[in-house]
Amino acid sequence: MTVVFTLRTSSVGQTRSLAVALAPVLRDGDLVLLTGDLGAGKTAFVQGLGRGLLVADRITSPTFTIMQHYEGRLPVHHVDAYRLDSPDEVFELALPEVLDEGGVMIVEWGERVRGGVDREYLELAFTFGDDDDEREIEVQLVGRTWVERNPTIRTVLSPWTREG
Ligand code: ADP
Ligand code: MG
């Protein structure tokens, strides 16, 4: 059960705003996977999500920390899987167990954990647009818990829905 649609932003501020708008839809136990090359806007999105989830700290991407935890409306577990090379390393992080304790998990380079976490997820795939500040974001809602939220998600994200 999967729903796919595409968004477009034309500034980093829009990408952050889009994430702020999405934040109220998130629930305990949610997994959000972000894919896209370096500089595509994954961390910018996480920063917006943090703001929308009322995280007081500024979310950053420290070079050698794979997982960081923040307190907001819900606990936020921010994972940057860039340095994970093998399925063993993913397994050792015990991501499902962390998520079972509560909160939402947002994973940059999400394709590296997708196969190791048996759970429904929301995926956003960031790609570069024609202009420097333009990004296309393909959204995939995978599984019942996400598809049932499709109408709400489409409504909150409608300002950035790609036309044509
Ligand atoms: P990633 O985490 O995917 O490597 P970052 O969020 O760290 O990417 O960086 C994205 C960079 O691209 C930032 O310098 C940001 O200012 C810039 N940028 C320009 N336009 C956009 C946009 N529409 N959405 C997100 N970031 C953008
Ligand atoms: Mg990043």
Side-chain angles (χ1 to χ4, degrees), residues 4-26 30-87 89-90 92-95 98-99 103-117 119 121-142 146 153-164:
V4 183
F5 59 94
T6 307
L7 307 171
R8 178 180 288 158
T9 65
S10 46
S11 68
V12 62
Q14 283 189 14
T15 295
R16 289 211 183 93
S17 300
L18 176 163
V20 171
L22 183 67
V25 174
L26 297 184
D30 277 348
L31 175 65
V32 180
L33 303 181
L34 309 179
T35 70
D37 289 341
L38 215 59
K42 302 180 295 298
T43 300
F45 177 88
V46 178
Q47 288 167 342
L49 216 54
R51 202 199 307 159
L53 289 169
L54 310 180
V55 172
D57 298 335
R58 182 180 163 79
I59 296 179
T60 55
S61 272
T63 319
F64 294 107
T65 312
I66 289 175
M67 180 156 43
Q68 293 225 111
H69 308 281
Y70 300 89
E71 281 305 321
R73 169 173 76 79
L74 299 162
V76 177
H77 313 290
H78 176 207
V79 178
D80 190 329
Y82 183 62
R83 275 161 213 85
L84 295 180
D85 297 319
S86 70
E89 286 177 315
V90 174
E92 278 164 23
L93 284 174
L95 300 181
V98 171
L99 203 41
V104 302
M105 182 172 286
I106 324 294
V107 187
E108 298 190 43
W109 304 94
E111 66 272 32
R112 299 188 182 188
V113 312
R114 203 196 284 117
V117 181
R119 200 179 271 265
Y121 58 87
L122 169 68
E123 181 162 323
L124 291 91
F126 290 74
T127 51
F128 295 88
D130 295 336
D131 297 327
D132 278 358
D133 289 348
E134 195 174 271
R135 301 289 187 275
E136 279 212 358
I137 307 168
E138 188 188 84
V139 182
Q140 280 197 56
L141 312 179
V142 181
W146 287 104
I153 292 173
R154 295 294 269 266
T155 302
V156 299
L157 296 182
S158 60
W160 302 279
T161 302
R162 200 189 76 138
E163 289 167 26

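When a ligand or atom number is given, it counts from 1 through the structure's own listing order. Hydrogens, waters and symmetry mates are skipped; everything else that's a heavy atom, side chains included, is used. Throughout, numbering of the chain's residues begins at 1 and tracks the sequence. It should be emphasised that the depicted structure is a prediction, and the values quoted were computed from it without experimental measurement.
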*Asks:* Considering only non-hydrogen protein atoms, determine which one is nearest to atom 24 (N) of ligand 1 and report residue, atom name and distance to 0.1 Å.
*Replies:*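 Scanning the protein heavy atoms, the shortest distance from atom 24 (N) of ligand 1 goes to Thr15 OG1, 2.6 Å.
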*Asks:* Check whether any protein heavy atom sits under 4.0 Å from atom 11 (C) of ligand 1.
*Replies:*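 Answer yes: something from the protein, a heavy atom, is under 4.0 Å.
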*Asks:* Whether the Glu108 and Thr43 side chains hold a donor-acceptor pair (N or O, under 3.5 Å, no angle test) is what I'd like checked.
*Replies:*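 Glu108 vs Thr43: donor-acceptor pair found between side chains.
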*Asks:* Counting only heavy atoms, which portion of Gln14 has something under 4.0 Å from ligand 1: side chain, backbone, both, or neither?
*Replies:*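 The answer is neither; Gln14 stays 4.0 Å or more away.
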*Asks:* Return the minimal non-hydrogen interatomic distance between Thr6 and Glu136, and the atom names on each side.
*Replies:*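 Closest pair (atom of Thr6, atom of Glu136, distance): CG2-OE1, 3.8 Å.
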*Asks:* For ligand 1, find out whether one of its N or O atoms is nearer than 3.5 Å to an N or O atom of Thr43.
*Replies:*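 Right, the criterion is met.
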*Asks:* Starting from atom 17 (C) of ligand 1, which protein heavy atom do you reach first, and at what distance in Å?
*Replies:*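 Sorting protein heavy atoms by distance from atom 17 (C) of ligand 1 puts Arg135 NH2, 3.7 Å first.
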*Asks:* What closest approach, in Å, do Trp146 and Leu26 show between heavy atoms, and which atom pair accounts for it?
*Replies:*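 Result for this residue pair: CH2-CD2, 3.7 Å.
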*Asks:* Tell me: protein heavy atom nearest atom 3 (O) of ligand 1, and distance?
*Replies:*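 Scanning the protein heavy atoms, the shortest distance from atom 3 (O) of ligand 1 goes to Lys42 NZ, 2.7 Å.
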*Asks:* Quick one: pull up OG1 in Thr35 and CZ in Arg112 and give me the separation to the nearest 0.5 Å.
*Replies:*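 So the OG1 of Thr35 and the CZ of Arg112 are separated by 11.0 Å.
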*Asks:* Under 3.5 Å, is there a donor-acceptor pair between the side chain of Arg135 and the main chain of Ala40?
*Replies:*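 The answer is yes, because a donor-acceptor pair under 3.5 Å joins these two groups.
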*Asks:* Please report the interatomic distance CG(Leu7) to CG(Leu157), rounded to the nearest 0.5 Å.
*Replies:*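 Rounded to the nearest 0.5 Å, the CG-CG separation comes out at 5.5 Å.
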*Asks:* Using a strict cut-off of 4.0 Å, indicate which atoms of ligand 1 neighbour a heavy atom of Leu38.
*Replies:*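 Those atoms are 4 (O).
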*Asks:* For Lys42 versus Asp37, what's the shortest heavy-atom pair and its separation?
*Replies:*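 Residues Lys42 and Asp37, closest heavy atoms: NZ-O, 3.1 Å.
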*Asks:* Is the contact between Leu34 and ligand 1 made by the side chain, the backbone, both, or neither, using heavy atoms and a 4.0 Å cut-off?
*Replies:*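 Neither; no heavy atom under 4.0 Å.
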*Asks:* Heavy atoms only, cut-off 4.0 Å: how does Ser61 contact ligand 1, side chain, backbone, both, or neither?
*Replies:*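 No part of Ser61 comes within reach of ligand 1.
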*Asks:* Check whether any N, O or S atom of Tyr82 sits under 2.8 Å from the Mg ion (ligand 2).
*Replies:*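 So Tyr82 does not count as coordinating the Mg ion (ligand 2).
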*Asks:* Among all protein heavy atoms in this structure, tell me which lies nearest to atom 23 (N) of ligand 1, with the distance rounded to 0.1 Å.
*Replies:*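 Going atom by atom, the protein heavy atom closest to atom 23 (N) of ligand 1 ends up being Asp133 O, 2.8 Å.
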*Asks:* Does the side chain of Val113 reach to within under 4.5 Å of the side chain of Leu93, using non-hydrogen atoms?
*Replies:*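 A side-chain contact is absent here, since even the closest heavy-atom pair is not under 4.5 Å.
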*Asks:* Could you list which atoms of ligand 1 come closer than 4.0 Å to a heavy atom of Glu108?
*Replies:*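 Matching atoms, with element in brackets: 2 (O).
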*Asks:* Report the nearest protein non-hydrogen atom to atom 8 (O) of ligand 1: residue, atom name, distance rounded to 0.1 Å.
*Replies:*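 Here the closest protein heavy atom is Gly41 N, 3.1 Å.
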*Asks:* Looking at every non-hydrogen atom in both residues, tell me the closest pair between Ala81 and Val107 and how far apart they are.
*Replies:*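 So the minimum-distance heavy-atom pair works out to CB-CG1, 4.2 Å.
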*Asks:* Quick check for you: to the nearest 0.5 Å, what is the distance between Gln14 atom CD and Asp133 atom CG?
*Replies:*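 It comes to 9.5 Å.
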*Asks:* Is there side-chain contact between His69 and Val98, with heavy atoms separated by less than 4.5 Å?
*Replies:*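 A side-chain contact exists here, since the closest heavy-atom pair is under 4.5 Å.
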*Asks:* Looking only at N, O or S atoms, find the one in Glu108 nearest to the Mg ion (ligand 2) and name it.
*Replies:*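 Of all N, O or S atoms belonging to Glu108, OE1 is the one nearest the Mg ion (ligand 2).
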*Asks:* Roughly how far apart are Glu123 CD and Leu141 CG, rounded to 0.5 Å?
*Replies:*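 The CD atom of Glu123 sits 11.0 Å away from the CG atom of Leu141.
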*Asks:* Would you confirm whether any non-hydrogen atom of the protein falls under 4.0 Å from atom 20 (N) of ligand 1?
*Replies:*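 Neighbour list for atom 20 (N) of ligand 1 includes protein heavy atoms (cut-off 4.0 Å).
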*Asks:* Do me a favour and list the nearest non-hydrogen protein atom to atom 4 (O) of ligand 1 with residue, atom name and distance?
*Replies:*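 Atom 4 (O) of ligand 1 sits closest to the protein heavy atom Gly39 N, 2.7 Å.
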*Asks:* Give the atom numbers and elements of ligand 1 that come within less than 4.0 Å of a heavy atom of Asp37.
*Replies:*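 That gives atoms 3 (O) of ligand 1.
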*Asks:* Before signing off on this row, confirm whether Gly36 and ligand 1 have an N or O atom pair separated by under 3.5 Å.
*Replies:*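 So ligand 1 has no N or O lying under 3.5 Å from an N or O of Gly36.
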*Asks:* So is there a nitrogen or oxygen of Ser10 less than 3.5 Å from a nitrogen or oxygen in ligand 1?
*Replies:*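 Not met; the criterion fails.
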*Asks:* Are any of the heavy atoms in Asp80 under 4.0 Å away from ligand 1?
*Replies:*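 It does not, in that no heavy atom of Asp80 comes within the 4.0 Å cut-off of ligand 1.
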*Asks:* Return yes or no for this condition: an N or O of Ala44 is under 3.5 Å from an N or O of ligand 1.
*Replies:*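 Yes, Ala44 has an N/O under 3.5 Å of an N/O on ligand 1.
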*Asks:* Which residue and non-hydrogen atom of the protein lie closest to atom 16 (O) of ligand 1, and at what distance in Å?
*Replies:*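 Looking at atom 16 (O) of ligand 1, the protein heavy atom closest to it is Val12 CB, 3.6 Å.
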*Asks:* Against Gln47, only a single residue in Val55, Val12, Thr15, Ile59 fulfils side chain to side chain contact (heavy atoms under 4.5 Å, CB included); can you say which?
*Replies:*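 Among the candidates, only Ile59 passes.
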*Asks:* Number the atoms of ligand 1 from 1 as they appear, then name those within less than 4.0 Å of a heavy atom of Ser11, with their elements.
*Replies:*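 Answer for ligand 1: 21 (C), 22 (C), 23 (N), 24 (N).
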*Asks:* What are the two closest non-hydrogen atoms of Phe45 and Ala19, and how far apart are they?
*Replies:*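 Nearest pair, atom of Phe45 first, then Ala19: O-CB, 3.1 Å.
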